[in-house]
Protein chains: 2
Amino acid sequence: MDINRTLNDLLVGLFRSITTIEEQSICTGEYRNMTTNDMHVIEAIGTGTPRNMTAVARALGVTTGTLTISMNSLVKKGYVERVRSEEDRRVVLVSLTAKGKRAFEHHEKFHREMIRHVVEMLNEDEKRVLEKSLEGLNGFFRKMQQQSE
Amino acid sequence: MDINRTLNDLLVGLFRSITTIEEQSICTGEYRNMTTNDMHVIEAIGTGTPRNMTAVARALGVTTGTLTISMNSLVKKGYVERVRSEEDRRVVLVSLTAKGKRAFEHHEKFHREMIRHVVEMLNEDEKRVLEKSLEGLNGFFRKMQQQSE
DNA sequence: AAAAATGTTTTGATACTCAAAGCATTTTCG
DNA sequence: CGAAAATGCTTTGAGTATCAAAACATTTTT
């Protein structure tokens with residue numbers, strides 16, 4: 001079962017790479033003062049209609065307390081806008097500023113390039129196989145996660 | 001090109017799952033007081049002959065200052081042993097204690113299980129496609145890394 | 001109207017990170 | 001040889017990230 005060894009090494013290597021490279025290639029230039037965490041928060045807020053803190057926190061898997069801290073920094077850096085909801089004044093709605101949207105787009109582009117690079121070397125059948133494998137993996141992990149809850 | 005979108009979502013989801021599940025399933029039981037970071041340091045030290053701080057720090061991609069802090073905690077928790085080298089008294093050699101080796105083994109087992117589960121649900125062709133895709137990703141990251149150096 | 005629930009922020013504590021300064025030891029070279 | 005440079009590690013100072021629990025404001029329930 002040598003393929004197991006290979007897959008393991010690949011996955012481990014990939015993990016190390018993704019964290020470091022994503023950081024290196026995203027938090028640069030105009031976005032130099034942005035951390036990886038900032039980027040993930042921006043990604044979770046998205047470019048649609050404003051979202052409240054609880055929803056974003058849940059999407060990120062952190063507490064709202066933690067998210068408040070992140071937002072403080074993002075607002076100060078000019079990526080995010082905070083508005084109290086008029087309908088329910090307990091709620092805080094967050095959304096991306098123009099600068100925040102540019103950063104979002106920058107991140108998306110990184111992802112698209114990454115995918116393009118992988119997909120480029122696969123034919124249609126292989127793409128479908130990859131999709132199926134990844135879905136299987138996702139299912140497995142979802143199951144594990146539910147088990148431990 | 002809707003498959004690109006799907007693949008991207010799958011990869012992003014997968015990445016999120018793996019980090020949380022790894023944490024949940026490793027830092028438990030006997031290893032409750034261990035952080036993910038602790039685990040990665042233990043992994044980098046390995047079960048072979050003692051290694052010096054600089055080598056371990058480089059393997060982890062952190063500064064030696066950061067590693068010193070991690071080591072303080074790991075030594076206090078009883079996972080790691082620190083010894084000044086006799087040949088070159090500037091050098092500090094770190095190695096896993098018996099408890100540290102058990103933790104290492106526990107982590108390895110998690111990886112093996114994960115891979116086993118993944119591989120189990122793929123046939124030979126699918127395995128090869130997955131391998132090829134992961135290699136593609138690795139290639140992409142290597143290229144990016146070289147660019148930014 | 002009082003009590004409970006909800007949404008967010010604040011607080012207090014711990015972990016992780018880096019750059020730069022400091023310390024001890026070894027190597028280099030005049 | 002002996003001073004200067006280099007090496008290996010730790011400490012320091014500062015910033016970010018994290019959580020649980022307490023505090024606060026507002027809305028909903030009773």
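Because only heavy atoms are used, hydrogens play no part in the values below, and waters and symmetry mates are left out as well, while side chains stay in. By convention in this document, chain letters (A, B, ...) are assigned in the order of the sequence lines, proteins followed by strands, and residues within each chain are numbered from 1.
For the side chain to side chain contact (heavy atoms under 4.5 Å, CB included) test, residues two or more places apart in sequence or in another chain that qualify with B:R84 are B:R89, B:V92. For A:E87, the salt bridge (charged side-chain N to carboxylate O under 4.0 Å, His left out) criterion is met by no residue, not counting sequence neighbours. Every residue was checked against the side chain to side chain contact (heavy atoms under 4.5 Å, CB included) condition with B:V83, not counting sequence neighbours, and none meets it. Take B:T63 and apply the side chain to side chain contact (heavy atoms under 4.5 Å, CB included) test, not counting sequence neighbours, and it matches B:T66.
Nearest to the side chain of B:D88, among C:dT26, D:dG8, C:dT8, sits C:dT26.
The shortest distance between side-chain heavy atoms of B:L93 and B:R82 does not fall below 4.5 Å. The side-chain heavy atoms of B:V94 and B:E81, taken from C-beta on, include no pair separated by under 4.5 Å.
A straight line from CZ of A:R84 to C1' of D:dA25 spans 7 Å, rounded to a whole angstrom. Distance, B:E23 CD to C:dA15 C1': 12 Å, rounded to whole Å.
Applying the salt bridge (charged side-chain N to carboxylate O under 4.0 Å, His left out) rule to pairs touching residues 113-123 of chain A yields A:E113-A:R116, A:R116-A:E120, sequence neighbours excluded. Annotation: side chain to side chain donor-acceptor pair (under 3.5 Å) contacts involving residues 96-109 of chain B, sequence neighbours excluded, comprise B:E22-B:H107, B:E30-B:R102, B:E105-B:R112, B:H107-B:H111. Among pairs with a residue in residues 44-61 of chain A, none fulfils side chain to side chain donor-acceptor pair (under 3.5 Å), at least two apart in sequence or across chains. Among residues at least two apart or in separate chains, side chain to side chain donor-acceptor pair (under 3.5 Å) pairs with a member in residues 128-138 of chain A are A:D125-A:R128, A:K132-B:E126.
The backbone N or O of B:N33 sits less than 3.5 Å from a side-chain atom of B:K77, completing a donor-acceptor pair.
Scanning residues 100-108 of chain A for heavy-atom distances under 4.0 Å to DNA chain D yields an empty list. A heavy atom closer than 4.0 Å to some atom of DNA chain D occurs in B:N52, B:M53, B:T54, these being the qualifying members of residues 32-61 of chain B. Heavy-atom distances under 4.0 Å link DNA chain D to A:V62, A:T63, A:T66, A:I69 of residues 62-82 of chain A, given in residue order.
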Could you list, one pair per line, each protein nitrogen or oxygen that sits under 3.5 Å from a nitrogen or oxygen of nucleotides 2-6 of chain C, together with the distance?
from  : atom 1 : to    : atom 2 : distance (Å)
C:dT6 : O4'    : A:R90 : NH1    : 3.4
C:dT6 : O2     : A:R90 : NH1    : 3.0

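Distance check: B:Y79 OH to B:M34 CE gives 5.0 Å after rounding to the nearest 0.5 Å.
Of all heavy-atom pairs spanning A:V80 and A:I45, the tightest one is CG2-CD1, 3.7 Å.
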